[in-house]
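Structure, as structure tokens:
Residue numbers run from 1 in the order of the sequence given.
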Amino acid sequence: MKYGWLIRTGFWFSSRSLRDWPLLMCCLTLPIFPFAAFVVEKLAVEKRIPEFAVVSLHIAITTTALLYPVLVILRCDSAVLSGVTLMLFACIVWLKLVSFVHTNYDMRTGTVSVDKVDVVPGSPSVDCSRELSLKSLTYFMVAPTLCYQTSYPRTPSVRKSWVSRQFVKLIIFTGVMGFMTEQYINPIIKNSQHPLKGNLLYAIERILKLSLPCLYVWLCMFYCFFHLWLNILAELLCFGDRGFYKDWWNAKTVEEYWRMWNMPVHKWMLRHIYFPCLRYGIPKGVAVVIAFLVSAVFHELCIAVPCHIFKWWAFLGIMFQVPLVLITNYLWDKFQNSMVGNMIFWFSFCILGQPMTVLLYYHDLMNRKGANW
């Protein structure tokens with residue numbers, strides 16, 4: 001409490017939030033694109049349109065589903081948090097649309113790309129029948145998964161008391177994130193300089209001072225989204241596959257961390273990027289780089305578009321993971337010591353990477369606006 005009580009009265013809601021209604025309307029209209037993809041697939045199943053037209057229409061639909069929110073955000077002077085939220089929704093819709101289209105294309109052509117995706121023990125294997133219904137697509141669009149199937153493992157009932165407890169935890173830890181951001185992170189970044197333009201020692205001091213609250217906020221975010229929200233959503237939908245993450249904090253290499261911390265995205269990458277690349281004869285190493293490239297583009301979109309600045313810091317940060325993967329894999333093979341790679345991960349990602357990214361985007365945003373954030 002060095003700076004006193006810094007929580008603003010307008011932290012949760014302010015009059016400026018009312019100006020973000022175009023983003024809300026954009027978010028509410030996103031379901032149009034899955035419905036359009038369903039209509040195209042239905043016509044393809046009934047062989048009313050040629051395959052070339054099916055592919056062209058799907059490319060147009062998925063591209064528009066991503067560019068439409070980008071254009072809305074860039075044309076509106078909205079709050080950064082509102083823009084980030086809309087971009088996250090848009091990216092999720094895009095990933096789900098690609099999975100829906102790709103899986104149905106594989107089933108039409110007799111090629112199954114899901115044979116190597118992890119299946120939860122005791123759950124049925126992936127159903128690749130040609131059943132296509134709006135109900136199954138609707139369930140997929142709201143389910144906590146990014147990989148389309150015509151059916152999923154289901155639980156028998158909803159545990160209402162368990163859901164209530166998780167909601168209480170979600171509210172509490174969301175408040176903790178807000179408190180940490182307003183009370184500790186904001187004062188540090190407001191009293192800082194651009195890390196690439198100011199005094200080097202001062203920049204290092206700000207980064208180290210910012211690393212701990214950033215780490216706490218990031219861990220709370222992970223707990224709220226991956227452990228609480230996704231499990232709440234799965235419980236309400238009787239969704240049986242609850243493997244949303246593994247013990248990434250014990251990762252022996254950077255590659256192992258990226259395989260374990262976000263299982264829905266990891267499985268999507270395997271099914272729709274990595275294995276298709278291998279089928280086309282692309283070497284494994286190049287396929288991994290392509291997967292990181294796709295991830296880097298979406299990280300940049302989710303940050304740069306809401307901030308209205310394109311400095312490529314998030315893109316470069318994700319692509320920097322590729323040499324770290326090579327380094328930590330080499331150290332693991334040479335020393336067989338899990339601590340070495342784990343320490344490199346925690347230092348590069350949490351102590352250096354996140355605070356550095358926060359400072360870079362904050363000062364670039366301030367330079368663009370010429371006013372306080």
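- A donor-acceptor pair is defined here as one N or O able to donate and one able to accept, closer than 3.5 Å; such a pair exists between the side chain of T62 and the backbone of I59.
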> Stepwise, does the side-chain contact (heavy atoms from CB on, under 4.5 Å) test hold for Y68 with C26?
Replying inline: CA-CA 8 Å; Y68 168 48; C26 177; 3.5 Å; yes
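- Remark: side-chain polar atoms of N329 are paired, donor with acceptor, to backbone N or O of V325 under 3.5 angstrom.
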>> One pair to check against ring pair (Phe, Tyr, Trp, His ring centres under 6.0 Å): Y245 and F226. What are the steps and the verdict?
In response: CA-CA 7 Å; Y245 62 92; F226 286 95; 7.0 Å; no
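- Under the 4.5 Å side-chain heavy-atom criterion for grouping Ile, Leu, Val, Met, Phe, Trp and Tyr, L71 is not connected to M87 through any hydrophobic cluster.
- Residue L66 comes nearest to P69 through the heavy atom pair O-CD, 3.3 Å, listed as atom of the first residue, atom of the second, then distance.
- Within 6.0 Å of atom CZ in F35, 12 or fewer heavy atoms from other residues, nucleotides or ligands are found, so the atom counts as exposed in its surroundings.
- Although no hydrogens or angles enter the test, the distance criterion places no donor-acceptor pair under 3.5 Å between the side chain of H299 and the main chain of W313.
- Side chain of Y139 to main chain of L237: a donor-acceptor pair is present (N/O by atom type, distance under 3.5 Å, no hydrogens or angles).
- In summary, the aromatic rings of W218 and W249 are positioned with their centroids too far apart to meet the 6.0 Å limit.
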>> For C238 and V158: C-alpha separation, side-chain torsions, deciding distance, then whether side-chain contact (heavy atoms from CB on, under 4.5 Å) applies.
In response: CA-CA 6 Å; C238 296; V158 177; 3.8 Å; yes
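- Both F140 and L233 are part of a single hydrophobic cluster, where members link through side-chain heavy atoms under 4.5 Å apart.
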>> Show, in sequence, the C-alpha distance, side-chain angles and deciding distance for E41 and V54, and conclude whether the side-chain contact (heavy atoms from CB on, under 4.5 Å) test is met.
In response: CA-CA 7 Å; E41 270 307 313; V54 173; 4.3 Å; yes
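- Across every non-hydrogen atom of C302 and V84, the tightest pair is O-CG2, 3.6 Å.
- Side-chain contact between K284 and Y274 is present, with heavy atoms from C-beta onward closer than 4.5 Å.
- Nearest heavy-atom pair across F310 and A304 is CD2-CB, 3.7 Å.
- Cluster annotation: V40 and V55 are assigned to distinct hydrophobic clusters (Ile/Leu/Val/Met/Phe/Trp/Tyr, side-chain heavy-atom contacts under 4.5 Å, transitive).
- Closest approach of C224 and T174 over heavy atoms only: SG-N, 3.9 Å.
- Heavy atoms from other residues, nucleotides or ligands lying under 6.0 Å from CH2 of W162 number more than 12.
- Residues M180 and C220 have side chains not in contact (no heavy-atom distance under 4.5 Å, counting atoms from C-beta outward).
- Residues F275 and L278 meet the side-chain proximity criterion, which asks for heavy atoms closer than 4.5 Å.
- Remark: the backbone N or O of A314 is paired with a side-chain donor or acceptor of E300 at under 3.5 angstrom.
- Contact check for R108 versus Y105: side-chain heavy atoms found under the 4.5 Å cut-off.
- In this structure the side chain of D241 reaches within 4.5 angstrom of the side chain of F239, judged on heavy atoms.
- Here the rule is ring-ring contact (aromatic ring centres under 6.0 Å, His included) with W248, and of W261, W258, F222 only F222 fits it.
- A continuous path of Ile, Leu, Val, Met, Phe, Trp and Tyr side chains, each step under 4.5 Å between heavy atoms, connects I327 with Y330, placing both in one hydrophobic cluster.
- The backbone N or O of K252 lies less than 3.5 Å from no partner atom in the side chain of N342, so there is not a single donor-acceptor pair.
- Residues V217 and L208 share a hydrophobic cluster, clusters being chains of Ile/Leu/Val/Met/Phe/Trp/Tyr side chains in contact below 4.5 Å.
- There is a side-chain donor-acceptor pair under 3.5 Å between S136 and S133.
- Inter-residue side-chain proximity for R271 and L146 is flagged as unmet; no heavy-atom pair is nearer than 4.5 Å.
- With ring centers used as reference points, F33 lies 6.0 Å or more from W94.
- The closest donor-acceptor contact from the side chain of E235 to the backbone of R159 lies under 3.5 Å.
- Counting only distance, with no hydrogens or angles, the side chain of W268 and the backbone of L95 share a donor-acceptor pair below 3.5 Å.
- Side-chain contact check for H227 and Q166: no donor-acceptor pair (N or O, by modelled atom type) lies under 3.5 Å.
- Counting heavy atoms from C-beta outward, F52 and S56 have side chains that approach closer than 4.5 Å.
- Under the 3.5 Å distance criterion, the side-chain polar atoms of K246 are left unmatched by any main-chain donor or acceptor of Y257.
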> Yes or no on side-chain contact (heavy atoms from CB on, under 4.5 Å) for M269 and V294, after CA distance, side-chain angles and deciding distance?
Replying inline: CA-CA 9 Å; M269 288 287 185; V294 173; 4.0 Å; yes
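- In the displayed structure, Y216 atom OH is contacted under 6.0 Å by at most 12 heavy atoms of other residues, nucleotides or ligands.
- Counting only distance, with no hydrogens or angles, the side chain of Y152 and the backbone of Q149 share a donor-acceptor pair below 3.5 Å.
- What you find for I188 and P213 is that their closest heavy atoms are CD1-CG, 4.3 Å.
- Under the 4.5 Å side-chain criterion, counting only non-hydrogen atoms from C-beta, T328 is not in contact with E255.
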